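Here is the naming used below: chain letters follow the sequence lines, and residue numbers restart at 1 for every chain. Please read all numbers here as calculations on a predicted model, not as lab measurements.
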Number of protein chains: 2
Amino acid sequence: MGRTAIDLDADEIVDAALVILREQGLDAVSMRTVSGALGVSPVPLYRRVGTKDDLLAAMLQRLLSGVAPRRRTGEAWQAYARRWTVALLGALESTRDLRRLVGARQDDTAREPFVEASRPLVDGLRDAGFATDEAVQATRLLIWATVGHVMVGAGRTDTAAPANGRGANGRVANGRARRRPGGDPARLSRREADALFRVHVDYVLDGIERAHEGGTP
Amino acid sequence: MGRTAIDLDADEIVDAALVILREQGLDAVSMRTVSGALGVSPVPLYRRVGTKDDLLAAMLQRLLSGVAPRRRTGEAWQAYARRWTVALLGALESTRDLRRLVGARQDDTAREPFVEASRPLVDGLRDAGFATDEAVQATRLLIWATVGHVMVGAGRTDTAAPANGRGANGRVANGRARRRPGGDPARLSRREADALFRVHVDYVLDGIERAHEGGTP
DNA sequence: ACCTGAACACCGTTCAAGT
DNA sequence: ACCTGAACACCGTTCAAGT
């Protein structure tokens, strides 16, 4: 009844993997589960997307492609940069197990998807009078600020259920996790963390602006 | 010949795991290899350090504990903050597979080790007249800047050998990795990335300084 | 009480047959 | 050519015996 393995293309595989990621978390994404969802054996995946590592890279790429919002006519570069950054943050935070996905890559191509996603911002900055390398560097700072926030930012108290792939064991780290009794001042709510993120972005934008004005002959 | 399993404590286990991490990479760190290196079965590890996830957390904690440099008498807070940030970056960059280690945690405690490591900086800022939450927030920004840089920063061209745990397969991602022919302007050398990282830190410090001066009654 | 050996239910990846 | 089934060499974690 129609569908044979030969119809498969890489995009479908990535799609299937993202569905599993969303519904069951990263631990549930395996070459077997993904191929199973597509009704094939794991082998064809190696022809279409390469290694599992490559699959993870493609998933991240897909997640970040198209995050850049459209520029508005007459919009100041600062405003667009802010919107771009918020959009990137939103895409990252809405992805289950995103932190682990970003960290998972074995090689050094972890930033490739971010570079792709930032192309419109680079273009926007250049249109605003930035030199190419100036625009690229400014974009990098914003990426770093965003990724750092996501990787080590406030915990998401709204993400229910542990959902740890293999058999729930309620075990808790013993011994070494000495938590301050007096209440740790470094614990931020999601709202506070978001506000602080915007502060970070503003500081970076201020710095970029000053350097731009001072550095352009 | 003394050594029985009962001598084991959590620190030794973390040490052994870190040796394997350094020498063979994160893929080689398993409950079996770590326990094997210690001459025990995997079971005792679960009593001492908990899950593999807990072990990874403890490894990161260890790696970051003691990164904070000592404060110098009469040192301006900006100077100390800069040194602290560079020390953190150094610790992160010198750790094999660090990106994957940071990303590996399943729960939301990924930032705990960073909070621990930043305690001296928070203290330093408070001694310089910052309110506690002001100091904590400033520290967070610096952590985000550093972690973002590490997670998605320039590739390390100096880290030789792929060393991908299970049987070298030289396979290359096929198809989807369309690399710009014209030379990607977003490709930075290590030196450039380091310089840009310092720029980022300076921007953040500038912002913190201005907010501090403007916000203190 | 706390160990070990064996087991369970998985992995990523490859290979020999099949069509 | 390109698939499938089976296999290889692992995983994390748990459990029944042992001492």
Side-chain angles (χ1 to χ4, degrees), chain A residues 2-10 12-13 17 20-21 24-59 97 100 104-107 162-175, chain B residues 1-10 12-13 17 20-21 24-59 100 104-107 162-175:
Chain A
R3 142 148 243 123
T4 77
I6 265 163
D7 301 331
L8 265 189
D9 71 327
E12 274 181 282
I13 295 169
I20 296 174
L21 173 69
Q24 289 158 262
L26 191 62
D27 283 335
V29 176
S30 77
M31 301 305 265
R32 281 172 163 91
T33 58
V34 173
S35 63
L38 293 164
V40 240
S41 96
V43 181
L45 303 210
Y46 289 84
R47 296 212 146 273
R48 307 288 201 293
V49 290
T51 305
K52 165 133 193 229
D53 213 44
D54 296 322
L55 173 60
L56 294 176
M59 291 168 68
D97 283 338
R100 290 165 67 209
R105 300 304 321 281
Q106 271 175 339
D107 53 29
N164 51 340
R166 1 173 145 241
N169 80 325
R171 187 189 288 282
V172 157
N174 48 2
Chain B
M1 331 173 55
R3 139 147 248 126
T4 78
I6 264 164
D7 300 332
L8 263 189
D9 72 328
E12 274 180 283
I13 295 170
I20 296 174
L21 174 68
Q24 290 158 262
L26 191 62
D27 283 335
V29 176
S30 77
M31 301 305 265
R32 282 174 162 91
T33 57
V34 172
S35 63
L38 294 164
V40 240
S41 97
V43 181
L45 304 210
Y46 289 84
R47 296 211 147 273
R48 307 288 202 289
V49 290
T51 306
K52 167 137 192 225
D53 213 45
D54 296 322
L55 174 60
L56 294 176
M59 290 167 69
R100 289 165 68 206
R105 297 305 320 282
Q106 269 175 338
D107 54 29
N164 52 341
R166 5 175 141 240
N169 82 325
R171 184 191 287 284
V172 157
N174 49 1

Legend entry - Closest to side chain of B:T33, choosing from C:dT13, D:dC3, D:dC11: D:dC11
Legend entry - A:D27 side, atom CG; A:R100 side, atom CZ - distance, nearest 0.5 Å: 4.0 Å
Inset, instruction - Would you kindly give the NZ-to-P distance between B:K52 and C:dC11, to the nearest whole Å? - result: 15 Å
Legend entry - Between P of D:dT13 and CG of B:L45, the distance in whole Å: 10 Å
Inset, instruction - Measure the CD-CG distance between A:Q24 and A:L26 for me, rounded to the nearest 0.5 Å. - result: 11.5 Å
Inset, instruction - Please report, rounded to the nearest Å, how far the P atom of D:dC11 is from the CG atom of B:D53. - result: 17 Å
Legend entry - Euclidean distance, B:I13 CD1 relative to B:D54 CG, rounded to 0.5 Å: 11.5 Å
Legend entry - Whole angstrom value for the distance that separates C1' of D:dG12 from CG of B:L55: 12 Å
Legend entry - Interatomic distance where CG belongs to B:L8 and P belongs to C:dC3 [whole Å]: 8 Å
Inset, instruction - By nearest nucleotide on DNA chain C, pick out whichever of A:S30 and A:V43 is the more 5' one. - result: A:S30
Legend entry - Short side-chain N/O contact from A:S41 to OP1 or OP2 of D:dC3, under 4.0 Å: no
Inset, instruction - Taking only Lys NZ, Arg NE, NH1 and NH2, and the carboxylate oxygens of Asp or Glu, determine whether B:D53 and B:R105 approach each other closer than 4.0 Å. - result: yes
Legend entry - Heavy-atom pair of closest approach, residues A:I20 and A:A28: CG2-O, 3.5 Å
Inset, instruction - Can you tell me the distance, in whole Å, between the CZ atom of A:R32 and the C1' atom of C:dC10? - result: 8 Å
Inset, instruction - Measure the spacing between CG of B:L56 and OG1 of B:T51 and express it to the nearest 0.5 Å. - result: 10.0 Å
Legend entry - B:M31 side-chain proximity, nearest of D:dT13, C:dT13, C:dC3: D:dT13
Inset, instruction - Looking only at side-chain atoms of B:V40, point me to the closest of C:dT13, D:dC3, C:dT4. - result: C:dT4
Inset, instruction - Please list every stem that involves DNA chain D, where a stem is a run of 3 or more consecutive Watson-Crick or G-U wobble pairs with both pairing distances under 3.5 Å. - result: C:4-8 with D:12-16, C:12-16 with D:4-8
Legend entry - Whole-Å gap separating P (C:dC2) and CD1 (B:I13): 14 Å
Inset, instruction - Ignoring backbone atoms, test whether A:R48 places a side-chain nitrogen or oxygen under 4.0 Å from the OP1 or OP2 oxygen of D:dC3. - result: yes
Legend entry - Whole angstrom value for the distance that separates P of C:dT4 from OH of B:Y46: 14 Å
Legend entry - Partners passing side chain to side chain contact (heavy atoms under 4.5 Å, CB included) against B:A17 (at least two apart in sequence or in another chain): B:V29, B:V34, B:L55, B:M59
